[in-house]
Asks: 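Provided herewith is a single structure, encoded as structure tokens, for subsequent inquiry.
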Amino acid sequence: MILLPFHTRRLVNHVYCGLKPASQKKGITLEMTRPSSNLADFREAFAKAKHIAVITGAGVSAESGVPTFRGAGGYWRKWQAQHLATPEAFARNPSRVWEFYHYRREVMLTKNPNPAHVAIAECESRLSKQGRKVVVITQNIDELHRKAGSRNLFEIHGSLFKTRCTSCGSVKENYSSPICPDLAGKGAPEPDVADAKIPVEKLPRCEENGCNGLLRPNVVWFGETLDSNVLGEVEKELEICDLCVVVGTSSVVYPAAMFAPQVAARGVPVAEFNMENTPATTSFAFHFQGPCGTTLPPALARHETELIS
């Protein structure tokens, strides 16, 4: 996961993730025009679409009360996420990093999908009965799409509720609360809270065949590359979709920031649902500003041309 300025986008997919540009030999040319906010026009495109790609970011979960750790107030204690969510931070202080992720896991166990998550999942279920496909490509690690019922789901940055062993590489689901006894009651986010300084041998450990290796969250940290197999599947979906819906993304975290502009570059309508404009907004056909839980449900609701089964 890489945070880079938007003007570097043409190179990022080659350097970091292996994705190819959309099928234009001269690369991506973005039309710098004002996107439409006409819902009726979007609904017409939606009614015709057979293969819809939905790309989501932190904004879609913010309305569920999920901390985004973005912007001026995005701190856990004294640190922003990009100073904790790195391999280097984990190597230096695995106790602090596990406190941070323990806090996030405990928070997420209390959260539920909001109307935007539900609208996406219901749209997928409804259209599947019509021979149409909806696929969700999310940067979020909170599993709220899964909880809402989305099935065609790519969690490209991993999940808070999976661990990976640093010794044997085993990946396991883990919904334990707390994830290990010594993290019980730890992880408070206030800036005056001292580190727990849990001994490394007391942190989450691998139970695979007596391995006992140190576990880490199975998420993609800043500076790490995404799973090439997952990216390959995502690329296939983006190459064949005939409508793209972008929900709650900042369009600054790569390689995901390239996905929708690549789709737009081949002439496919892209609709952005966000609280504000992003660096990619002007490359899209549609932009709907406001809370996703308010703007998205009517956009994805049953169209009058759909057959009721």
Side-chain angles (χ1 to χ4, degrees), residues 37 39 42-66 68 108 111-161 230 233-234 236-238 240-251 253 256-257 259-260 263-264 268-275 278 280 284-306 308-309:
S37 58
L39 183 59
F42 170 79
R43 294 282 288 165
E44 185 176 341
F46 172 74
K48 296 175 182 176
K50 303 295 185 185
H51 196 118
I52 303 171
V54 181
I55 301 170
T56 71
V60 76
S61 292
E63 291 172 57
S64 292
V66 178
T68 62
M108 283 315 309
K111 303 302 180 183
N112 292 303
N114 64 57
H117 296 106
V118 174
I120 293 168
E122 288 181 348
C123 180
E124 176 190 333
S125 176
R126 188 180 77 246
L127 296 192
S128 69
K129 298 171 185 175
Q130 304 169 27
R132 301 162 68 189
K133 184 176 182 180
V134 175
V135 60
V136 181
I137 302 161
T138 188
Q139 301 169 70
N140 299 337
I141 61 175
D142 53 39
E143 292 199 0
L144 287 180
H145 283 298
R146 191 179 298 277
K147 204 170 182 179
S150 291
R151 294 292 175 263
N152 297 324
L153 178 63
F154 293 96
E155 295 167 317
I156 64 172
H157 289 165
S159 167
L160 278 172
F161 299 102
V230 173
E233 293 300 312
V234 167
K236 291 177 185 176
E237 298 291 344
L238 296 176
I240 61 177
C241 71
D242 53 6
L243 177 65
C244 181
V245 178
V246 186
V247 187
T249 70
S250 61
S251 292
V253 179
F259 294 165
V263 173
V268 171
V270 177
E272 182 180 55
F273 294 78
N274 212 346
M275 288 295 293
T278 72
F284 301 149
F286 301 96
H287 175 80
F288 299 97
Q289 192 157 328
C292 303
T294 302
T295 58
L296 194 62
L300 300 184
R302 184 185 300 276
H303 192 269
E304 61 185 11
T305 60
E306 291 181 38
I308 300 176
S309 57

Asks: List the atom of G57, the atom of T249, and the distance in Å for their closest heavy-atom pair.
Replies: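 Looking at all heavy atoms of both residues, the closest pair is N-CG2, 3.3 Å.
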Asks: Show the numbers, then the answer: is there a salt bridge (charged side-chain N to carboxylate O under 4.0 Å, His left out) between R43 and E304?
Replies: CA-CA 10 Å; R43 294 282 288 165; E304 61 185 11; over 6 Å; no
Asks: Search all heavy atoms of L296 against all heavy atoms of A116 and return the closest pair with its distance.
Replies: CD2-O, 3.9 Å
Asks: Below 4.5 Å, heavy atoms only, C-beta onward: do H117 and S150 meet side chain to side chain?
Replies: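 The answer is no, as the side chains (C-beta and beyond) never meet within the 4.5 Å cut-off.
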Asks: Hey, could you give me the NZ/CG distance between K50 and L127, rounded to the nearest 0.5 Å?
Replies: 9.5 Å
Asks: If only atom types and distance count, is the side chain of H157 paired as donor or acceptor with the main-chain N or O of I141 below 3.5 Å?
Replies: no
Asks: Test side-chain contact (heavy atoms from CB on, under 4.5 Å) on K48 and T305; report intermediate values, then the result.
Replies: CA-CA 9 Å; K48 296 175 182 176; T305 60; over 6 Å; no
Asks: Checking N152 against V134 for the side-chain contact (heavy atoms from CB on, under 4.5 Å) test, could you report, in this order, the C-alpha distance in whole Å, the side-chain angles of both residues, the deciding distance, and whether it holds?
Replies: CA-CA 7 Å; N152 297 324; V134 175; 5.8 Å; no
Asks: Nearest 0.5 Å, please: how far is CG in L144 from NZ in K111?
Replies: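 Answer rounded to 0.5 Å: 10.0 Å.
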Asks: Could you give me the CA-CA distance, side-chain angles and deciding distance for L238 and I137, then say whether side-chain contact (heavy atoms from CB on, under 4.5 Å) is met?
Replies: CA-CA 10 Å; L238 296 176; I137 302 161; 3.8 Å; yes
Asks: Any chance you could measure K129, atom NZ, to E306, atom CD, to the nearest 0.5 Å?
Replies: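 Taking NZ in K129 and CD in E306, the distance rounds to 11.5 Å.
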Asks: List the atom of A260, the atom of V246, and the distance in Å for their closest heavy-atom pair.
Replies: CB-CG2, 3.5 Å
Asks: For residues L160 and D142, report the shortest heavy-atom separation together with the two atoms involved.
Replies: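 Reported closest heavy-atom pair: CD1-CA, 4.5 Å.
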Asks: Check whether the side chains of E272 and T278 place a donor and an acceptor atom closer than 3.5 Å, and report yes or no.
Replies: yes
Asks: To the nearest 0.5 Å, what is the distance between CD on E155 and CD on E143?
Replies: 5.5 Å
Asks: Any chance you could measure I52, atom CD1, to C241, atom SG, to the nearest 0.5 Å?
Replies: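 It is 9.5 Å, given to the nearest 0.5 Å.
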Asks: Does the side-chain contact (heavy atoms from CB on, under 4.5 Å) test come out yes or no for K133 and E237, once each step is laid out?
Replies: CA-CA 10 Å; K133 184 176 182 180; E237 298 291 344; 3.0 Å; yes
Asks: If you look at every heavy atom in A121 and G149, which pair is closest and at what distance?
Replies: CB-C, 3.8 Å
Asks: Taking side chain as C-beta onward, heavy atoms only, is V54 less than 4.5 Å from E124?
Replies: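 Sidechains of E124 and V54: no contact.
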Asks: Please verify the inter-ring angle class for F288 with F273; under 30° counts as parallel, over 60° as perpendicular, anything in between as tilted.
Replies: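 Because their plane-to-plane angle is under 30°, the rings of F288 and F273 count as parallel.
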Asks: Do T295 and Q289 have side chains that approach each other closer than 4.5 Å (heavy atoms only, starting at C-beta)?
Replies: no
Asks: Would you confirm whether E63, through its side chain, and N114, through its main-chain N or O, come within 3.5 Å as a donor-acceptor pair?
Replies: no
Asks: How far apart are the closest heavy atoms of V60 and H145, and which atoms are they?
Replies: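 Shortest heavy-atom contact: CG1-NE2, 4.1 Å.
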Asks: Answer whether the closest heavy-atom distance between the side chains of F42 and L243 falls below 4.5 Å.
Replies: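 Heavy-atom side-chain distance check passes, below 4.5 Å.
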Asks: Counting only N and O atoms by type, is there a donor-acceptor contact under 3.5 Å from the side chain of S128 to the main-chain atoms of S125?
Replies: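 Pair found, side chain donor or acceptor close to backbone of S125.
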Asks: Under the 3.5 angstrom rule, does the side chain of T138 hit a backbone N or O of N140 as a donor-acceptor pair?
Replies: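 Yes; at least one donor-acceptor contact below 3.5 Å.
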Asks: Quick one: NE2 on H287 to CG on N274, what's the gap to the nearest 0.5 Å?
Replies: 6.5 Å
Asks: Within 45° of the axis and under 6.0 Å from the centre of the six-membered ring of F46, does NZ or CZ of R132 qualify?
Replies: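 Judged by the rule (NZ or CZ under 6.0 Å from the ring centre, within 45° of its axis), R132 counts as positioned above F46.
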